[in-house]
Every structure is written in C-alpha cells, then in structure tokens.
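Just so you know, ligand 1 is whichever comes first in the structure, and atom 1 is the first atom listed for that ligand.
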Amino acid sequence: MVSVSFTVHGIGVSGGIAIGRAQLVSHATLEVAHYAIPASKVRAEVARFETAVDEVQKELEALHGSMSGGDVPGEFGAFLDVHWMILNDATLAEAPKKIIAEQRCNAEWALTQQMAVLVEQFDEIEDPYLRERRSDVVQVVERVLKRLMGRPGALPAPAAEEQTILVAHDLSPADVIQFKSHRYGAFLTDLGGPTSHTAIVARGLNVPAVVATHNARTLIRDGELVIVDGDANVVIVNPDRPVLAEYRLKQSQLELERQKLKRLRTKPADTIDGHHVELFANIELPEDLEQALEAGASGVGLFRSEFLFLNRPGLPSEDEQFEAYRRVAVGLEGKPLVIRTFDLGADKTKEGLGGLVRVAPNPALGLRAVRFCLAEPRLFLTQLRAILRASHYGNVRILIPMIASAGEIDQALALIAQAKESLREQGIPFDPNVPVGGMIEIPAAVLAIGAFLTRLDFLSIGTNDLIQYTLAVDRADEAVSHLYDPLHPAVLKLIGTAIHAAGKARVPIAVCGEMAGELRLTRLLLGMGLTEFSMHPAHILAVKQRVLTTDVASIRPIVDRMRRTDDPVKVVALLDKLNV
Ligand code: PEP
Ligand code: MG
C-alpha cells in the first residue's frame, strides 16, 4: 500500500519533537453492542457489571499505589481521586444496574445509556471547571467498558525498538501516567484543550503532545510513521525522507541541548553583565517539590495552595494544611517558600465547600481568590494559621492573590494579625516577621501600585490573569484564545510599570505567570529590570541558560522601545531583535 504523506494540525500543549509509529487506542464507547438479556440472566448481567466496576476500582487503586515516590507530578493523585469518586457515585455505580433490570439489556449498553444522561447534565453546567469534569465521566465509563469487553484499562505496551506515538480520541490523566513506565514518545488526541488535565500532566512529564486534532484518530492508521512537533502544533504522518531527516536532526539537537542544560543545575543565574537572577518554581502540591529541587530552583515562588482543596470531599483541616506547608518548607532547607493563599473561584471551583463558592454569572469577575477569602474569614483564618505555624519550620512567605484595592490589603493584613494573635494566645510558635506579598493580576493594581508598595513586603505579577483582565479575554475559553496576547502593548506597559515602580520603591517583585517560563520572553523581562522569575520546574534550566547569555545593558534600549510603542507589529519585530 502506498503511504501518502499528510499533516494534522492541533494545539501543541507540550513542546518537543517525537518520531515514531502510531499506536491507535480504541474508543470503547463507539464499539458498544446492544443486545437483549433474558429475564433469567439479568442477575448474572448485573453481577458482570459489578465485577467490572470492582476491577476498575482496583485498577485505579493500583495506579494510585504505583505513584508513591518517583517523579510523578502531584496532580496525578488528585485526578485519580476524581475518577475514583465518579466510579463510586450511585449515578454510575448503581443506575446502570436498574437499566439492565428494566430494559433487559447488556451491561455495556446500560452503562453508555447512563453516560449519555450524565454527559447531557454536564453540558448544561455553565462553570467551565465543572463542565470539564464531563470528560472525566467519559474516561471512567471507558475504563469500565474495556473491562466488560474483556480489555483491561492498561495502555498497550509500546514496541521496544522504536518510539510509539499514542493516538486516541481522548486520554485520561490516568492513561497518561503510564507514559512514565512505558516511555511513549508522544500523544495525540482528537479532543482536549491547553488547560485540560492531560495537557498539564504531559507538560509535567516533558512528553510532546498535540491535542484538539479533531480527527487524528480517524485519519492515522496503526503502524504509520508519525512526527509530532509539539512546538509547531503539527503532526506529520508518513513524512518523506528529507522531512524525516530534518526532524531527526532537530530532535538530536534538542536532546543534546537538554543534556547540556543539566550541567547548569547548580550554576548561579547571572547575566553577562553581572545581574543576579533568582529562578523559582511554581508548584501545586507538596509532591512537586522534588522536581523543583532537581531543576535547581532558588525556592518555591508560587505554591498554588488551592489545589489542596480541589478534587476531594470536604475541606483540608488546619492540621492537614499545616503538614503540607511544613513538608515543603522543611524540604526547601531554608530556601524561600511563597504560599499563595487559596485562589478558589473562576475556573478553580470547589464543589465540596457546601455551595460556598457559587457558580457566578461571570466567575472570573466574581467572588474569587482574596474576595472569597474575605467573604469567608473562618476558612481564611484556618489557612493563615496553618501557614503561620509552618513558618516556624522554614523560610515561609504569604502571597495574597488577585488584590484590586488598598482596602482588601488592609483587611487581609488584619486577618493575618488576628491569626498571629490566636497562635500567640495558644503558645504555638510561628515566625512573627513572615513577609506578606500581593499578586499583581488586575490592571487596577498596577495603576494604583503605590497602595501596594506601602503596605506589602513583596509583589508577584500573575501574568496569566493580568492578560485576561487587561484584554477582557477569558483565559479558559478556547473560542477567544487567539486574542490572548502576552505581547499586547497594554500588557507590556503594565508589566513594565509594575517592575519599574517596585524597583524604585525597593520592594522585591517577581513574575509567576506562564510568561516567566517562556524562553522567548526571558530577555524582555530581564530588560524591564526583572530579577525574580517563578515558573514550572521543567522550564527553569532553559531559562537559566538564556539568562547566562544575556547582557542586560545592551538589550535595555530595545526593551524600552517595546514598552513605549503601541504598534503590535513593532513589538514583534523588536522581540525578534532581542532573541537573535
Ligand atoms: C497568574 O494568574 O498568572 C497566576 C500565576 O496565577 P494562576 O495561574 O494560578 O491564576
Ligand atoms: Mg492568577
């Protein structure tokens, strides 16, 4: 058969190049048969269903168990917990049994019927975070179906001699976890977006991935040669010789680069002209600390503490939070740990808060982050006490997210004072001088930055939200993602102004949004005067290399011009000049 070369486009959610043979993963729900069950066999069919659910439960537990230690990012555990909860919910574990009995149909059919009902309910939910859980339901159903149809949920082992590119309609985080032990080269999925769990997991594992290809699963055949370029958002199927040779060269250059980068782990990040830069790590859960230390991070610049609250029934107690914070503080051995107080609301919604975080008409502008904390001081005080207690064991700092006004800072500081007082009364030790900082995520915070500089010990620019609020582009909405532009002149002006004002007031300032880890923007930020970056640990060494090869004095005039212009074309041209 003649192999025709073609390309498939999608969203590259994890960079790098992989070359290998396609391995198609079947989409079990598409292959479900429907047949009648005689009344005498209904009990046996229900039992068959129960056995499959039991087996999947064990499968998830085994996956959970296999994750302890090693370099598995912390989000995995939380994802598996969500799947476990869905599997054990009556709507999935019980309802299909009723359908089997009432309709006298096979278990597979009953389960997909019930899945259709649940999916429809999820589709009607406005909150994007909850709506995303729809794919978790489908993934759990697929696992049970595979068991019922005699195929266990484990991914097929890749061929030993060359890399395997997994091609699927959709992959669950629990599937992606197996990339670690099986060393898949990359994955492609028809569905998914840049903020999907699978994307986050792929980035954490450093595996190239292209999602939202729409029909890769239909177009690509098993065994075909595939190139995945996660940086260029493209997949080349059956490449011809010159293309293949070019990509092989590119791939080996990248690998060489990666190996070389490891040597920089302990090297201080100083620019050519002697500016010292600190490169911190962003983490979501205590387990992520290991990866941060391996990358030689200067500390943790952003602990997104709300992840302790998500994907679990009930709230973490003060003691549980304290243990989590203490573990990281101790693990850092004196290096700074910036704990961001929980940023719930918007896309990070906690169902289990007993309805406290309601689904607002416009969640990104609603009762989110510090607003929610001030509206629920009891929850906030519990977290503050836990952080303060942990401060006794390391170099802990408190960071308040999404502040818009001086009043919010004053209220947050008053609650921190109250938390300290209560600990003092109980004789519980804490660091009385724990620094308190604020996130710059709202344009108003930059325009009225004086109120921040006089009240807070340090600042951290959350560019993900700052861009969202400056450009009025919902960062979680795929439909407007083409308008989400870190290089918009207004965004650059705001970032530049904040860094300049903080420098003048001698208040330390960092950038902790995704921009901090984007290599093409490193020099831009250095030229603006930034000396503290906080990013996903996987990006630290590459950014360090860029720092080491930068002469700030010589790029500053170009950056100044970038800050002054309102012309987006000029911005891009100047950025190119910075990166030659
Ligand atoms: C940001 O907004 O840039 C940020 C770092 O916080 P998060 O992405 O968690 O909103
Ligand atoms: Mg933010």
Side-chain angles (χ1 to χ4, degrees), residues 13 73-75 78 128-129 132 193-197 199-200 203-204 279-285 288 292 297 299-311 337-350 357 363-373 397-404 408 437-446 452 458-477 481 484-488 491-492 494-495 498-499 509-518 521 525 530 532-537 539-540 543:
V13 292
E75 301 97 326
Y129 181 81
E132 253 191 46
T195 57
S196 62
H197 283 155
I200 299 169
R203 277 197 288 270
L279 302 175
F280 295 98
N282 292 352
I283 65 168
E284 270 90 45
L285 291 169
D288 301 335
V300 167
L302 177 69
F303 181 169
R304 289 183 160 103
S305 70
E306 62 276 8
F307 278 81
L308 296 173
F309 290 68
L310 296 175
N311 295 336
L337 164 59
V338 178
I339 302 176
R340 190 213 7 228
T341 57
F342 60 83
D343 179 0
L344 292 165
D347 59 334
K348 289 175 246 163
T349 309
K350 169 70 181 148
V357 183
L365 302 182
L367 200 62
R368 178 191 161 181
V370 71
R371 301 171 181 183
F372 174 69
C373 288
R397 301 165 190 188
I398 299 175
L399 179 64
I400 316 283
M402 215 195 148
I403 309 172
E408 284 168 344
M439 286 191 76
I440 303 288
E441 304 190 271
I442 302 176
V446 181
F452 286 63
F458 67 97
L459 301 177
S460 190
I461 308 177
T463 51
N464 306 340
D465 277 313
L466 186 63
I467 298 167
Q468 151 166 280
Y469 295 127
T470 304
L471 305 180
V473 171
D474 188 334
R475 63 190 261 202
D477 185 352
S481 60
Y484 188 89
D485 179 14
L487 290 175
H488 190 294
V491 172
L492 298 189
L494 288 170
I495 297 172
I499 295 171
I509 187 163
V511 168
C512 65
E514 293 296 297
M515 280 179 82
E518 269 195 62
L521 304 179
L525 295 171
L530 190 76
E532 291 185 25
F533 295 62
S534 194
M535 66 196 80
H536 192 288
H539 299 144
I540 287 180
V543 170

Heavy atoms of other groups near Glu514 CD, more than 12 under 6.0 Å: no
Ala516 to Phe533 - nearest heavy-atom pair and separation: O-CD2, 3.6 Å
Which atom of Ile540 lies closest to which atom of Phe280, heavy atoms considered: CD1-O, 3.8 Å
Ligand 1 to Glu514 polar contact by distance, N or O atoms, under 3.5 Å: no
Under 3.5 Å: N/O of Glu306 near N/O of ligand 1: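 Such a contact does not occur with ligand 1.
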Which atoms from ligand 1 have a heavy atom of [X] less than 4.0 Å away?
X      : answer
Gly462 : 1 (C), 2 (O), 3 (O)
Cys512 : 5 (C)
Arg304 : 4 (C), 5 (C), 6 (O), 7 (P), 8 (O), 9 (O)
Leu302 : 5 (C)

For the Mg ion (ligand 2), the closest N/O/S atom belonging to Glu441: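 Atom name returned: OE2.
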N, O or S atom within Asp465 nearest to the Mg ion (ligand 2), by name: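 Answer by atom name: OD2.
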Exam field: side chain Glu441 to backbone Met402, donor-acceptor pair closer than 3.5 Å: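 Judged by distance alone, yes, a pair lies under 3.5 Å.
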Test item: Tyr484 side-chain N/O and Leu471 main-chain N/O as donor-acceptor pair under 3.5 Å: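 No.
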For Asn282, the option from His539, Arg304, His536 that meets side-chain contact (heavy atoms from CB on, under 4.5 Å):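 Exactly one pass, corresponding to Arg304.
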Contact check: Asp343 to the Mg ion (ligand 2), N/O/S below 2.8 Å: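 Checking the Mg ion (ligand 2) against Asp343, no N, O or S atom falls under 2.8 Å.
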